[in-house]
K.L.:
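Structure provided below as structure tokens; questions to follow.
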Amino acid sequence: METNETQENKTHSKANNSLMGEKVVLVPYMRDHVHKYHRWMQDPELLSATGSEPLSLDEEYQMHLSWTNDPNKHTFIVLDKNLIEGSFIPGNPHTEAMVGDVNIYMNDHSDLNLAEIEIMIAESQCRGKGLGEESVLLMMEFTRKNYNIQTFRAKIGESNKASLKLFGKLGFVETSYSPVFKEVTLELSMQET
């Protein structure tokens with residue numbers, strides 16, 4: 001059983017991680033990011049692509065707090081390195097360079113080595129540049145190293161061709177289709193044989 005101190009340590013360590021790639025920097029989802037994130041999530045196309053419902057700004061701040069404190073979820077904001085003003089400074093939210101987010105959910109209690117992964121590149125001018133691909137790869141490596149996740153699952157709306165193509169390129173294979181939700185489930189096992 002986790003103590004409050006253990007929970008606080010996990011939350012604290014979540015807040016201190018930044019992941020550096022060639023094109024992106026993944027930074028923890030900070031309160032300073034919420035306003036821009038909320039603006040993105042008012043776009044009907046993004047809501048449809050992500051299967052999300054619009055929230056008020058207050059609800060978005062509450063959601064941020066919930067995500068930050070949940071040990072089974074991890075969110076990074078995707079920063080485009082080319083948009084960072086000056087040098088990257090750890091702990092600085094660099095909202096000027098925000099282009100999307102990448103999430104991991106570790107909610108399958110029957111398989112503790114499985115996690116669901118999501119990516120959103122919200123800024124349309126930043127799509128098709130490999131930022132999503134690099135973000136997913138960084139998140140998968142981070143999750144394998146820190147949480148021993150061996151299988152990744154992505155649930156993608158059938159109309160989100162860009163995400164289906166991205167995850168297919170990364171080796172994910174279709175495992176199921178939900179006609180009710182019009183959603184494809186893809187998985188990638190990283191277990192060594």
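All values below come from the heavy atoms of this structure, side chains included, with hydrogens, waters and symmetry mates left out. Residue numbers count from 1 along this sequence.
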K.L.:
Is any side-chain heavy atom of Met190 closer than 4.5 Å to a side-chain heavy atom of Ile149?
P.N.:
no

K.L.:
Do Glu158 and Asn160 pair up side chain to side chain, a donor and an acceptor below 3.5 Å, judged on atom types alone?
P.N.:
no

K.L.:
Does Lys23 reach the main-chain N or O of Lys81 with its side chain, forming a donor-acceptor pair under 3.5 Å?
P.N.:
no

K.L.:
Any donor and acceptor pair, going by atom type alone, linking the side chain of Glu183 with main-chain N or O of Pro179 inside 3.5 Å?
P.N.:
no

K.L.:
For residues Asp108 and Ser110, is any side-chain donor paired with an opposing acceptor at under 3.5 Å?
P.N.:
yes

K.L.:
NZ/Lys145 to OG1/Thr143 distance, rounded to the nearest 0.5 angstrom?
P.N.:
11.5 Å

K.L.:
Could you tell me whether the side chain of Trp67 reaches within less than 4.5 Å of the side chain of Gln62, counting heavy atoms only?
P.N.:
no

K.L.:
Can you check whether Pro44's main-chain N or O pairs, donor with acceptor, with Ser48's side chain at less than 3.5 Å?
P.N.:
no

K.L.:
Dump the intermediate steps for side-chain contact (heavy atoms from CB on, under 4.5 Å) on Leu26 and Asn17, then the final yes or no.
P.N.:
CA-CA 8 Å; Leu26 303 183; Asn17 288 316; over 6 Å; no

K.L.:
Tell me if a side-chain donor or acceptor on Thr75 pairs with a main-chain N or O of Asn103 at a distance below 3.5 Å.
P.N.:
no

K.L.:
Test Tyr105 against every option in Lys155, His74, Glu118 by the side-chain hydrogen bond (donor to acceptor under 3.5 Å, both in side chains) rule and name the one that passes.
P.N.:
Glu118

K.L.:
First locate atom CE of Met98, then atom CZ of Arg39, and finally report the distance between them rounded to the nearest 0.5 Å.
P.N.:
8.5 Å

K.L.:
Hey, is the main chain of Ile121 close enough, under 3.5 Å, to the side chain of Arg127 for a donor-acceptor pair?
P.N.:
yes

